[in-house]
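Comments concern the structure below.
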Amino acid sequence: MRKSMFGILVSAIIVGGIALIAVNNVQANVPSATATTIQNVNQLASMGITFANPGTLVPLITKDQAVQIAAQTFAPLAATAKSVHVELQLVTDKTTKMFSPKEMQENPQVALNGLANTPCYIVTYEGINFTKSIPNHADVVNHEYNVLIDAQTGQILYGFTYR
């Protein structure tokens with residue numbers, strides 16, 4: 001009786017272990033809706049900006065083109081940055097409502113909804129000293145600057161710094 005109970009217990013442990021391994025392998029292959037980013041998503045969310053994973057989206061402009069577009073407008077930052085990082089995200093920004101007439105013409109969804117899961121490149125200049133002046137406060141020196149570019153039109157939407 002003890003031998004059969006021991007055998008049942010060992011069998012249960014083995015079957016349970018195999019089931020646990022199988023479940024973990026299935027979960028590892030499920031794509032995540034969470035964006036992979038170098039940005040601080042919690043801090044950006046407090047500013048009204050969120051990212052989602054673009055999945056298999058193929059944007060109309062390439063990462064290299066996004067870097068070139070940002071460098072043309074932000075040449076001093078591009079020249080002094082220790083590194084440049086670029087990533088594609090679906091961006092939602094609940095606070096920014098004003099965009100250039102050209103952007104609103106080229107991307108009617110931005111004109112209608114603002115940034116709501118809009119495919120964007122975030123070009124990040126790292127290792128810089130960007131002084132941000134705030135009235136009635138001491139100046140803040142941030143060490144990165146982000147340029148948000150519409151991945152469908154190539155238009156710069158805006159730049160921001162927060163760290």
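All values derive from a computational prediction rather than experimental measurement.
For the ring pair (Phe, Tyr, Trp, His ring centres under 6.0 Å) condition, no pair includes a residue of residues 76-107, sequence neighbours left out.
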Exercise for review: Apply the test side-chain contact (heavy atoms from CB on, under 4.5 Å) to residues L148 and Y121: give CA-CA distance (whole Å), side-chain angles for both, the deciding distance (0.1 Å), then the verdict.
Suggested key: CA-CA 6 Å; L148 197 66; Y121 284 109; over 6 Å; no
Practice item. Tell me, with the steps shown, if D139 and S133 meet side chain to side chain donor-acceptor pair (under 3.5 Å). Key: CA-CA 5 Å; D139 286 351; S133 296; 3.1 Å; yes
Exercise for review: Go through the steps for F130 and Y145 under the test ring pair (Phe, Tyr, Trp, His ring centres under 6.0 Å), then give the verdict.
Suggested key: CA-CA 7 Å; F130 186 86; Y145 192 83; 4.8 Å; yes
Practice item. Decide side-chain contact (heavy atoms from CB on, under 4.5 Å) for L44 and F51; before the verdict, give the C-alpha distance in whole Å, the side-chain angles of both, and the deciding distance to 0.1 Å. Key: CA-CA 9 Å; L44 288 175; F51 297 155; 3.8 Å; yes
Practice item. For the pair T124 and N146, evaluate side chain to side chain donor-acceptor pair (under 3.5 Å) and give the outcome as yes or no after the intermediate values. Key: CA-CA 4 Å; T124 303; N146 302 284; 2.6 Å; yes
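Closest non-hydrogen pair, M47 versus T95, comes out as O-CG2, 3.5 Å. Of all the heavy atoms in V91 and C120, the pair that sits closest is CG2-CB, 3.7 Å. Contact between L88 and P54 at its shortest, heavy atoms only, is O-CG, 3.5 Å. Closest heavy-atom contact between P59 and Q152: CA-OE1, 3.3 Å. Closest approach of N117 and T92 over heavy atoms only: N-OG1, 2.9 Å. The nearest pair of heavy atoms linking E103 to V110 is OE2-CG2, 3.5 Å.
Following chains of ILVMFWY side-chain contacts shorter than 4.5 Å, one can reach I156 starting from V123, so the two form part of one hydrophobic cluster. Cluster annotation: I149 and V84 are assigned to the same hydrophobic cluster (Ile/Leu/Val/Met/Phe/Trp/Tyr, side-chain heavy-atom contacts under 4.5 Å, transitive). Grouping the Ile, Leu, Val, Met, Phe, Trp and Tyr side chains by contacts below 4.5 angstrom, directly or via other members, places L57 with I61. Both L157 and M104 are assigned to one and the same hydrophobic cluster, defined by single-linkage of ILVMFWY side chains at heavy-atom distances under 4.5 Å. Side-chain heavy atoms closer than 4.5 Å link hydrophobic residues (I, L, V, M, F, W, Y) into clusters, and following such links, even through other members, never connects V86 to Y158.
Heavy-atom neighbours of Q105 CD from other residues, nucleotides or ligands within 6.0 Å: at or below the threshold of 12. The environment of K82 atom NZ is sparse: at most 12 non-hydrogen atoms of other residues, nucleotides or ligands sit within 6.0 angstrom.
Side chains of V147 and Y125 form a contact here, defined as non-hydrogen atoms less than 4.5 Å apart. Here the side chains of N40 and R163 are in contact, with some heavy-atom distance below 4.5 Å.
Remark: T50 OG1 to L90 CG distance equals 9.5 Å, nearest 0.5 Å. The CG atom of D150 sits 8.0 Å away from atom CG of L115, with the distance rounded to the nearest 0.5 Å. Rounded to the nearest 0.5 Å, atoms OG1 (T161) and NZ (K132) are 5.5 Å apart.
Under 3.5 Å, the side chains of Y162 and Q39 contain a donor-acceptor pair of N or O atoms. Residues Q89 and E87 bring a donor and an acceptor atom of their side chains to less than 3.5 Å of each other.
Grouped with I134 in one hydrophobic cluster are V140, the linkage being side-chain heavy-atom contacts under 4.5 Å among Ile, Leu, Val, Met, Phe, Trp and Tyr residues.
Put simply, the side chain of N142 never gets that close to the backbone of E144: no donor and acceptor are under 3.5 Å apart. Remark: the backbone N or O of I128 is paired with a side-chain donor or acceptor of H143 at under 3.5 angstrom. Listed for the T118 side chain is a donor-acceptor partner under 3.5 Å among the backbone atoms of A116.
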What side-chain donor-acceptor pairs closer than 3.5 Å can you find for residues 64-77, not counting sequence neighbours?
unit_1, atom_1, unit_2, atom_2, d
Q65, OE1, T62, N, 2.7
Q65, OE1, T62, OG1, 3.4

